[in-house]
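A short write-up of the structure that comes next.
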Amino acid sequence: MIARPRLSFRLLALASLALNLFLGGMLVSTYHHQQPVSALPMPDRLIARVTADLPDADVERLRRAFESKRTQFVALDEEYRQAIQRVRATVVHEPLDREELRVLIDSARAVRRRMGDLIEGTALSLLPDLSPSARERLVAGRR
């Protein structure tokens with residue numbers, strides 16, 4: 001009967017050690033990894049996605065061009081987040097109002113379109129200033 005409590009104690013100690021190692025690893029990883037791109041605000045999120053292998057001069061041109069429109073990007077990003085929150089709230093509300101949901105989805109889509117228009121306009125005004133190799137990489141996209 002003495003062997004059983006020892007075995008239980010050993011298993012408990014082993015489980016505790018495993019949990020501590022897991023939690024320690026999670027803690028260390030939060031300090032050693034950068035913030036994920038999706039957590040960055042606009043336009044930083046966009047810049048991080050497209051500038052990975054561009055020449056430094058072109059990266060700086062991109063940053064300056066999008067930085068000049070930061071207030072517009074931030075306002076649209078916040079407006080889109082709020083629109084999505086309204087959609088989510090309507091989806092979980094009982095009874096589901098399909099007409100209201102359709103209106104809210106259309107509203108969110110309109111904000112996303114305005115964000116796309118701002119990105120396109122900024123990019124189109126910037127393209128002539130980028131090097132040919134940077135334009136080629138942007139057109140090729142991620143591989």
Side-chain angles (χ1 to χ4, degrees), residues 4-143:
R4 233 173 145 70
R6 262 194 193 155
L7 182 60
S8 295
F9 178 72
R10 286 182 185 164
L11 286 174
L12 183 61
L14 182 62
S16 174
L17 176 63
L19 181 62
N20 283 329
L21 288 173
F22 173 75
L23 293 175
M26 294 294 288
L27 184 64
V28 167
S29 71
T30 59
Y31 286 109
H32 289 291
H33 287 85
Q34 293 183 1
Q35 190 177 32
V37 171
S38 61
L40 295 172
M42 281 297 281
D44 301 327
R45 183 171 59 233
L46 176 68
I47 292 168
R49 285 188 181 139
V50 300
T51 61
D53 55 340
L54 295 181
D56 291 340
D58 291 318
V59 170
E60 187 55 37
R61 286 183 188 102
L62 268 165
R63 287 188 198 287
R64 276 197 315 265
F66 281 94
E67 186 64 35
S68 69
K69 312 241 179 178
R70 177 172 292 280
T71 55
Q72 291 169 288
F73 277 111
V74 169
L76 284 171
D77 196 36
E78 181 59 28
E79 188 177 345
Y80 183 67
R81 288 176 194 269
Q82 289 175 4
I84 293 300
Q85 278 302 113
R86 288 190 295 274
V87 168
R88 288 180 181 144
T90 301
V91 167
V92 299
H93 186 264
E94 287 295 330
L96 180 62
D97 185 345
R98 289 182 184 188
E99 289 302 315
E100 181 181 2
L101 182 60
R102 172 56 51 204
V103 168
L104 292 173
I105 288 173
D106 289 345
S107 174
R109 186 179 300 121
V111 175
R112 196 172 62 225
R113 277 192 201 121
R114 290 193 341 252
M115 177 75 78
D117 291 345
L118 182 59
I119 291 169
E120 289 171 9
T122 305
L124 286 173
S125 69
L126 171 71
L127 283 176
D129 299 331
L130 295 178
S131 68
S133 66
R135 290 195 306 262
E136 184 178 328
R137 287 185 189 136
L138 288 173
V139 169
R142 293 182 150 194
R143 292 184 181 179

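In what follows, every heavy atom counts, from backbone to side chain, and hydrogens, waters and symmetry copies are set aside.
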Once rounded to the nearest 0.5 Å, what's the spacing between atom [atom1] of [X] and atom [atom2] of [Y]?
X	Y	atom1	atom2	value
Thr90	Leu104	OG1	CG	4.5 Å
Asp97	Arg102	CG	CZ	12.5 Å
Leu96	Arg98	CG	CZ	6.5 Å
Leu62	Leu54	CG	CG	6.5 Å
Arg64	Asp129	CZ	CG	8.5 Å
Leu118	Lys69	CG	NZ	6.0 Å

Test side chain to side chain contact (heavy atoms under 4.5 Å, CB included) on Arg112 and Tyr80 and set out the steps.
CA-CA 7 Å; Arg112 196 172 62 225; Tyr80 183 67; 3.5 Å; yes

Check whether any side-chain N or O of Asp58 sits under 3.5 Å from a backbone N or O of Ser131 as a donor-acceptor pair, and report yes or no.
yes

Does Ile47 offer a backbone N or O that forms a donor-acceptor pair with the side chain of Arg63 under 3.5 Å?
no

Any Lys/Arg nitrogen of Arg114 or Asp117 sitting under 4.0 Å from an Asp/Glu carboxylate oxygen of the other?
no

Could you check whether Arg70 pairs with Glu67 (Lys NZ or Arg NE/NH1/NH2 to Asp/Glu carboxylate O, under 4.0 Å)?
yes

Show your working on side chain to side chain contact (heavy atoms under 4.5 Å, CB included) between Arg88 and Val92 and close with a plain yes or no.
CA-CA 6 Å; Arg88 288 180 181 144; Val92 299; over 6 Å; no

Are Ile84 and Arg81 side-chain neighbours, meaning at least one heavy-atom pair lies under 4.5 Å?
no

Taking the side chain as everything from C-beta on, heavy atoms only, tell me whether Ile119 gets closer than 4.5 Å to Phe73.
yes

Residues, nucleotides or ligands: over 12 heavy atoms within 6.0 Å of Asp56 CG:
no

How close do [X] and [Y] get, counting heavy atoms only, and between which atoms?
X	Y	result
Leu76	Met115	CB-CE, 3.7 Å
Ile105	Val87	N-CG2, 4.0 Å
Pro55	Arg137	CD-NH1, 3.2 Å
Thr122	Ser125	O-OG, 2.8 Å
Ser68	Ala65	OG-O, 2.7 Å

Test Leu130 against Leu127 for side chain to side chain contact (heavy atoms under 4.5 Å, CB included), laying out the working first.
CA-CA 5 Å; Leu130 295 178; Leu127 283 176; 4.0 Å; yes

